[in-house]
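Just follow the structure's listing: the first ligand is 1, and inside any ligand the first atom is 1.
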Amino acid sequence: MSQVSGKNPYRPGVGVRPLYLAGREAPLRRFAAMLRAAPEQQANMRVTGLRGVGKSVLLEEFADHAKEFDWEPALAELQPSHNTDEALTTAVGALLEHTRQRLSRLARLRSVAGRALRATSMSLTWEEVTLAVSFGSEREEDLARDLFSTVELALAKGRNGVVLLLDEAQLVRDERDRHGEHPLSLLIAPVVALQRAELPLGLVLCGLPTLTGNLQKARSYSERLFRGEEIGSLESEQALEAFIRPLGETARRTDAKLAREVVAEVEGYPYFLQLWGSELWEAADLAGVERFSVKLLDATRPDIYGRLDRDFYEPRIATLTPAEQDLLASSAACPYPPLRSADLNRASEKTPGNVNVLLGRLVDAGALYRIRKGEYAYTAPKFRDYLVRRGG
Ligand SMILES: Nc1ncnc2c1ncn2[C@@H]1O[C@H](COP(=O)(O)OP(=O)(O)OP(=O)(O)O)[C@@H](O)[C@H]1O
Ligand SMILES: [Mg+2]
C-alpha cells in the first residue's frame, strides 16, 4: 500500500538483533573491562534475565565487541540434551574445534594479505599446565586440553584470547548425588584451572534466572567466580528510544503520546516493544496512514495480543505435560508476585506432594524459577496476564 514508508523496521523474534539496541551500554562496558583485566583477573560473567529481555542479542553484541578487542569469541546455544557430562564435553569440544578451524582460516587470509602476525605466544606449555593443575577427571582434562590448544592457536594467530559465550546455560546443571552427572562443574572447572595459570580465557554463561541457583549449587562452588549481570526491562527513556529509533530511516513517525502509551503498556520489555512496533507498522500500512496514533493502537490491540499469545507464550506452554499445564493454569488464581507454593496448594486440587514435584518440573522446563524456598516467579514477563487472558 504505502510503499513510500519502506520496510517494517521492527524485529520481534528470538535472538533477532534489533535495528537499535537500546540501553545496554553498562553491561557492554563491563564486558569490555572484564576482557581488559584478563588474564590477571578471571574473566567470568553470568548474564541472567527473563524471556525476551534481550539476552541472546546482548551475547552476540558481546561477541562483536570481543572481536573489536582482538579476542576470539566462541558462541553457542546449549540444548536440553547437553545436560550430561558426556554430551556437554562433546558440545563444547565441537564448538572449540569449530573455533580453531575459523582461526586457522583467518590466519591464512591474514598471511595472504601479507600482514605480520603479532609475536605474542603462550608462555606456558600443556605439560607445565598438567604439572601445576590436577584435574578432577579424564573428561575435565580433555576439555582443558581442548581449551588450551584453542587459546594457544588464537595467540599464535595474533588474538589476545578466547572467550566462550554460552546461551541457555540454565539447561546445564549438576545433580546433587556425588556419583551423578555434573556437567556444569565439568564446564567451569577446567576454565577456572586454566585461568589460574593466567591463560587469556573468558567464560560468559547466559540464561534464565535459574542459572544463578544452579551455579550456587554446582559442585565447583563456582558462583563467586562470576561477575553477575542482570538484564531487565528498559527504563522508560531507553524503551522510548527502542520504540522510536527504528522509525528513523522510514517515512513513518509516531505520536509522542502513543509512544509513551506503548512503553507503559509493555513495561519496557524489549520483545514486546518490537512486537507492538511491528504490528502497528502493519496496521498503518493497511490503513494507509503515516503516523502511529493512540487510535491506531486501540484498533490494533486485539491483533497484537493474538500474536503475542501465539508467538511468545503458547510455544513455551506447548512443550509442558498436561499436569504441568494444569498447575500453571491454577496459578492464575494466586496472588502474584511471588507465586507461593502455599497459595498454589489452596488453588489446586492436587496433593501438596504432587504440587511440589510439578513445581520442580516447571523450573526444570524453564517456565518458572525459584526465588527462595516456597516462592517462585514466571520466567516470561507478563505471563500471569496471559494466563488470565487464556482462562477468561
Ligand atoms: N536492547 C534492546 N533494544 C531493543 N530491542 C531489543 C533489545 N534487546 C532485545 N531486543 C529485541 O527483543 C527480542 C528478544 O531478544 P532476545 O531473543 O535476545 O531475548 P532473550 O532474552 O534471549 O529471550 P529468550 O529468553 O526467550 O531466549 C528481539 O526481538 C530483539 O530484537
Ligand atoms: Mg535467548
Which one of K55, R30, R29, R24 satisfies the salt bridge (charged side-chain N to carboxylate O under 4.0 Å, His left out) criterion with E229?
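Output: one option passes, namely R30.
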Just by distance, no angles: are the side chains of R46 and T212 close enough, under 3.5 Å, to form a donor-acceptor pair?
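Note: R46 and T212 side chains meet the donor-acceptor criterion.
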Check whether NZ of the Lys or CZ of the Arg R159 lies under 6.0 Å from the centre of the six-membered ring of W71 and within 45 degrees of that ring's axis.
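Cation-pi check for R159 and W71: fails.
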Between F312 and R310, is there a cation-pi geometry (under 6.0 Å to ring centre, at most 45° from the normal)?
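Checked: cation-pi criterion not met.
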Could you work out, with side chain to side chain donor-acceptor pair (under 3.5 Å) as the rule, every residue matching D303, not counting sequence neighbours?
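D303 satisfies side chain to side chain donor-acceptor pair (under 3.5 Å) with no residue once adjacent residues are dropped.
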By side chain to side chain donor-acceptor pair (under 3.5 Å) - contacts of E168 (at least two apart):
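Expected list: R51, Q170.
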Residue from L225, L143, L203 passing side chain to side chain contact (heavy atoms under 4.5 Å, CB included) with V191:
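Between V191 and the candidates, side chain to side chain contact (heavy atoms under 4.5 Å, CB included) is satisfied uniquely by L203.
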Please verify the inter-ring angle class for Y378 with F383; under 30° counts as parallel, over 60° as perpendicular, anything in between as tilted.
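If you compare the ring of Y378 with that of F383, the planes turn out tilted.
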Anything under 30° is parallel, anything over 60° is perpendicular, the rest tilted; go ahead and classify F69 against H65.
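It falls in the perpendicular class, over 60°.
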Enumerate, one pair per line, all nitrogen or oxygen atoms of ligand 1 lying under 3.5 Å from a protein nitrogen or oxygen, stating the separation to 0.1 Å; write 'none' if no such pair exists.
| unit_1 | atom_1 | unit_2 | atom_2 | d |
| --- | --- | --- | --- | --- |
| ligand 1 | 1 (N) | A22 | N | 3.3 |
| ligand 1 | 1 (N) | A22 | O | 2.8 |
| ligand 1 | 3 (N) | A22 | N | 3.0 |
| ligand 1 | 5 (N) | Q274 | NE2 | 2.9 |
| ligand 1 | 12 (O) | Y271 | N | 3.4 |
| ligand 1 | 17 (O) | G15 | N | 2.5 |
| ligand 1 | 18 (O) | S56 | N | 3.2 |
| ligand 1 | 18 (O) | V57 | N | 2.9 |
| ligand 1 | 19 (O) | G54 | N | 3.0 |
| ligand 1 | 21 (O) | V53 | N | 3.3 |
| ligand 1 | 21 (O) | G54 | N | 2.9 |
| ligand 1 | 21 (O) | K55 | N | 2.8 |
| ligand 1 | 21 (O) | K55 | NZ | 2.8 |
| ligand 1 | 22 (O) | S56 | N | 2.9 |
| ligand 1 | 22 (O) | S56 | OG | 2.8 |
| ligand 1 | 23 (O) | G52 | N | 2.8 |
| ligand 1 | 25 (O) | R51 | NH1 | 2.9 |
| ligand 1 | 25 (O) | K55 | NZ | 2.7 |
| ligand 1 | 27 (O) | E168 | OE2 | 3.4 |
| ligand 1 | 29 (O) | R11 | O | 2.4 |
| ligand 1 | 29 (O) | G13 | N | 3.0 |
| ligand 1 | 29 (O) | G13 | O | 3.3 |
| ligand 1 | 31 (O) | R11 | O | 3.2 |
| ligand 1 | 31 (O) | V16 | O | 2.5 |
| ligand 1 | 31 (O) | P18 | N | 3.4 |

At a cut-off of 2.8 Å, list the protein N/O/S atoms near the Mg ion (ligand 2), residue plus atom name.
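Correct list: S56 OG.
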